[in-house]
Student: 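Supplied in structure tokens, the structure appears directly below.
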Amino acid sequence: MNLIGTILIMLGCTAAGIMKAHSLCELDKTYGMLISVLMLMKSEISSRASALDDVLNVVSGMATGNTACFIEAVIGDFSKLGDKTFCTIWSSAAESCLQCISQRSLSALKALGGSLGRYESSMQCAALDRCIAEISAEQNILRETFGANKRMYIGIGGAVGLITAIVLI
């Protein structure tokens, strides 16, 4: 009976490490989706000179995961635009839906909200480019350390499970 408990503890801790490693994959997908959405927004603003609500409706169709939650939150609060500024709506949606991204990327995304819909299209595109560059840099940093961090989380989970099992035996 002790052996079964020991094995279950080891497997449980290793599974926790695997889940943490999986969250790195999800973070990479979130960065990639954010970049894709921002590039589509840039394209819509620069080529079609679309209104901001039209741009958000276009990108909401392609967004997935946390990015879809973020865009839907912005669209959902768009009716409060008279009471709140767009920057406030954008920032609060980013804080509530994109908690997994780095603080640096979140700050860049919040700063972007202050430019969207406010200035001419060339200035909005420049702000989008800055935000895309910042998020891309964060994604590159994540990808550089991805393999090592993934192995580390799985290894730590397994080691903690093994140590706990040894202590309990």
Side-chain angles (χ1 to χ4, degrees), residues 7-45 52-78 84 86-117 124-125 127-165:
I7 291 172
L8 288 176
I9 289 172
M10 287 175 46
L11 290 176
C13 289
T14 304
I18 291 170
M19 288 173 47
K20 180 62 179 170
H22 179 70
S23 71
L24 291 176
C25 297
E26 292 301 315
L27 180 58
D28 185 49
K29 288 179 187 176
T30 299
Y31 279 132
M33 184 54 61
L34 268 175
I35 292 167
S36 297
V37 163
L38 294 175
M39 289 175 75
L40 181 58
M41 288 178 72
K42 179 185 170 192
S43 174
E44 286 289 316
I45 290 170
L52 197 52
D53 58 340
D54 293 336
V55 170
L56 290 171
N57 286 327
V58 167
V59 298
S60 71
M62 73 160 288
T64 59
N66 292 337
T67 307
C69 172
F70 166 62
I71 297 297
E72 292 301 323
V74 173
I75 291 171
D77 285 348
F78 218 72
K84 295 181 178 180
F86 179 75
C87 183
T88 305
I89 293 170
W90 181 271
S91 294
S92 66
E95 283 180 11
S96 65
C97 297
L98 297 172
Q99 297 170 350
C100 61
I101 66 174
S102 70
Q103 199 59 36
R104 193 171 144 190
S105 295
L106 189 60
S107 296
L109 201 58
K110 287 181 182 180
L112 174 63
S115 299
L116 291 177
Q124 290 181 58
C125 289
L128 281 161
D129 282 336
R130 284 190 302 272
C131 188
I132 290 168
E134 190 67 41
I135 293 172
S136 294
E138 287 293 314
Q139 186 180 31
N140 288 337
I141 291 169
L142 174 69
R143 286 182 175 174
E144 287 174 2
T145 60
F146 185 73
N149 285 343
K150 196 172 173 181
R151 287 188 303 275
M152 177 189 67
Y153 288 131
I154 294 170
I156 288 175
V160 166
L162 183 61
I163 290 169
T164 305

Student: State, to 0.1 Å, how close S136 and I35 come at their nearest heavy-atom pair, and which atoms those are.
Tutor: OG-CD1, 3.4 Å

Student: Would you compute the distance between atom NZ of K29 and atom CG of L24 and round it to the nearest 0.5 angstrom?
Tutor: 12.5 Å

Student: If every non-hydrogen atom of I71 is compared with every non-hydrogen atom of L56, which pair is closest and at what distance?
Tutor: CG2-O, 3.7 Å

Student: Give, for atom CD1 of I135 and atom OG1 of T30, the distance between the pair rounded to the nearest 0.5 Å.
Tutor: 10.5 Å

Student: Mind checking whether D28 and Q139 have side chains closer than 4.5 Å, heavy atoms only?
Tutor: yes

Student: For the CZ atom of F86 and the CG atom of D77, what is their distance to the nearest 0.5 Å?
Tutor: 10.5 Å

Student: Side chains of N66 and L34: closer than 4.5 Å at any heavy-atom pair?
Tutor: no

Student: Would you confirm whether S96, through its side chain, and A93, through its main-chain N or O, come within 3.5 Å as a donor-acceptor pair?
Tutor: yes

Student: Under 3.5 Å, is there a donor-acceptor pair linking the side chains of S105 and S102?
Tutor: yes

Student: Within a reach of under 6.0 Å around CE of M152, are more than 12 heavy atoms found that belong to other residues, nucleotides or ligands?
Tutor: yes

Student: Which heavy atom of V37 sits nearest a heavy atom of A63, and at what distance?
Tutor: CG2-CB, 4.0 Å

Student: With the side chain counted from C-beta on, respond yes when L116 and V55 share a heavy-atom pair under 4.5 Å apart, and no when they do not.
Tutor: no

Student: Measuring from atom OG of S107 to atom CD of E134, what distance do you get when rounded to the nearest 0.5 angstrom?
Tutor: 8.5 Å

Student: Sub-3.5 Å donor-acceptor pair from the side chain of T88 to the main-chain atoms of K84, do we have one?
Tutor: no

Student: Might you point out which heavy atoms bring L98 and T67 nearest each other, and give the distance in Å?
Tutor: CD2-N, 4.2 Å

Student: Hey, is CE on M62 packed in by over 12 heavy atoms from elsewhere, all under 6.0 Å?
Tutor: yes

Student: Quick one: CD1 on I156 to CD1 on I163, what's the gap to the nearest 0.5 Å?
Tutor: 10.5 Å

Student: Of the non-hydrogen atoms in W90 and L109, which two are nearest, and what is the gap between them?
Tutor: NE1-O, 2.6 Å

Student: Would you indicate whether the side-chain heavy atoms of M41 and Q124 approach each other to under 4.5 Å?
Tutor: no

Student: Please tell me if the side chains of Y153 and I18 come closer than 4.5 Å, counting only heavy atoms from C-beta onward.
Tutor: no

Student: State whether the side chain of S43 and the backbone N or O of M39 hold a donor-acceptor pair below 3.5 Å, judged by distance alone.
Tutor: no

Student: Looking only at heavy atoms, what is the nearest atom pair of I45 and C125, with distance?
Tutor: CG2-SG, 4.2 Å

